[in-house]
Engineer: 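Take a look at this one; I'll ask things after.
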Amino acid sequence: MAKLTTTALCLLTGVALAGCGAGGSGEDRSAGEILDEANARMRRLDTVTVDITNRTTSGATVTSHLVTDLDSRCRSRTTWSGGGALEQIRLGRTDYVRPNRAYLQKWKNNPGITGEQKQWVKTPVDPASRGGDGLTSCTRPFDSFGTAKKGGSTRVGDTKAIKLIVTDKADKEGTYTFYVADEGEPYLLKTVYKSAAQHTITAFSGFDEPLDLRAPKPGEVLGVGD
């Protein structure tokens, strides 16, 4: 399984940056001021979609798709280049988890599984979990970090954006580039992390879109720890 550095994983999936909204032009504000305004705006989001692609120099790739209310309700799917996939639905204090056959064969060392995995496993959320179980948290910190400087104007899709380049003493080998909306609401649109070992792209979308999350049908669920 490809691994991100702890700093990169936390920051790229959670740190909020954005460009200027009603607060004024990005040309007359520092990168730090843009960061502060963006963090505040992102913390007010009701929902957001996060797509991450991480590639390492060894050729391994991990992608994830997360839709979340940034609190206690979210749905995610993580896929590895070897074919493994893990789906998760978190509804309050309950997780529904569904690994596919390739995931169970490789990551759980169970080569005897030959059929496709269709059942979800229902399990209570462990509030003390630090992520070592492979499950996704619905929350994101949206905290500033490091030293930011402006890198010019660009576009992300159809949206005008400001590029911010961030360096951090906690990760001397890596560089973070944040693409920040420079029109409309001050949203973070995309983040790129590069180091000698990995290249990670994180895209944010679906800001405040309705979140329709439901538990799997009872016949598709196996209960654990009920």
Side-chain angles (χ1 to χ4, degrees), residues 1-6 8-15 42 45-56 58-142 198 200-226:
M1 183 185 300
K3 293 183 179 179
L4 284 168
T5 64
T6 300
L9 182 60
C10 292
L11 296 178
L12 291 176
T13 59
V15 168
M42 296 296 280
L45 285 173
D46 292 324
T47 64
V48 67
T49 297
V50 185
D51 288 285
I52 304 171
T53 300
N54 179 56
R55 295 184 176 89
T56 67
S58 65
T61 301
V62 181
T63 62
S64 67
H65 176 78
L66 170 69
V67 181
T68 175
D69 70 353
L70 298 172
D71 184 17
S72 61
R73 300 171 67 246
C74 57
R75 179 165 185 161
S76 68
R77 178 180 174 87
T78 303
T79 305
W80 289 263
S81 51
L86 182 65
E87 295 178 83
Q88 175 191 351
I89 300 172
R90 177 164 292 183
L91 300 174
R93 298 182 179 181
T94 301
D95 272 329
Y96 298 90
V97 182
R98 180 167 66 180
N100 71 352
R101 177 178 58 188
Y103 179 94
L104 292 172
Q105 288 176 334
K106 184 171 184 178
W107 304 118
K108 295 303 181 180
N109 296 317
N110 196 337
I113 295 178
T114 57
E116 202 51 61
Q117 173 63 22
K118 297 182 179 180
Q119 295 290 95
W120 294 82
V121 176
K122 179 181 178 181
T123 180
V125 173
D126 180 3
S129 173
R130 297 180 178 271
D133 52 11
L135 299 181
T136 298
S137 171
C138 301
T139 60
R140 291 294 180 271
F142 298 123
Q198 60 202 36
T200 304
I201 299 174
T202 304
F204 297 86
S205 62
F207 306 105
D208 285 333
E209 290 186 355
L211 188 65
D212 183 17
L213 289 182
R214 302 178 183 180
K217 296 178 181 179
E220 299 175 342
V221 177
L222 299 174
V224 175
D226 289 340

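One is the number of the first residue; the rest follow in order along the sequence. No hydrogens, no waters, no symmetry mates; every other heavy atom, side chains included, goes into these values.
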Engineer: Are the side chain of Ser81 and the backbone N or O of Thr61 linked by a donor-acceptor pair below 3.5 Å?
Structural biologist: yes

Engineer: Are the side chains of Val125 and Arg90 in contact, using a 4.5 Å heavy-atom criterion?
Structural biologist: yes

Engineer: May I have the step-by-step check of side chain to side chain contact (heavy atoms under 4.5 Å, CB included) for Leu66 and Arg140, ending in yes or no?
Structural biologist: CA-CA 12 Å; Leu66 170 69; Arg140 291 294 180 271; 2.8 Å; yes

Engineer: For residues Thr136 and Ser76, report the shortest heavy-atom separation together with the two atoms involved.
Structural biologist: OG1-OG, 3.6 Å

Engineer: Considering all heavy atoms of both residues, which atom of Val221 and which atom of Gln119 are nearest to each other, and what is their separation?
Structural biologist: N-NE2, 4.1 Å

Engineer: Looking only at heavy atoms, what is the nearest atom pair of Cys74 and Ser137, with distance?
Structural biologist: SG-C, 4.4 Å

Engineer: Please assess Glu87 against Arg75 for the test side chain to side chain contact (heavy atoms under 4.5 Å, CB included), listing each intermediate value before the final yes or no.
Structural biologist: CA-CA 8 Å; Glu87 295 178 83; Arg75 179 165 185 161; 3.5 Å; yes

Engineer: Could you pull out every donor-acceptor pair under 3.5 Å between side chains of residues 203-213 and any protein atom, sequence neighbours left out?
Structural biologist:
residue	atom	partner	partner atom	Å
Asp208	OD1	Asp46	N	2.6
Asp212	OD1	Arg214	NE	3.3

Engineer: Any donor and acceptor pair, going by atom type alone, linking the side chain of Thr68 with main-chain N or O of Cys138 inside 3.5 Å?
Structural biologist: yes

Engineer: State, to 0.1 Å, how close Ser58 and Thr56 come at their nearest heavy-atom pair, and which atoms those are.
Structural biologist: OG-OG1, 2.7 Å

Engineer: Mind checking what makes salt bridge (charged side-chain N to carboxylate O under 4.0 Å, His left out) contact with Arg55, not counting sequence neighbours?
Structural biologist: none

Engineer: Can you name the residues that form a side chain to side chain donor-acceptor pair (under 3.5 Å) with Asp71, not counting sequence neighbours?
Structural biologist: none

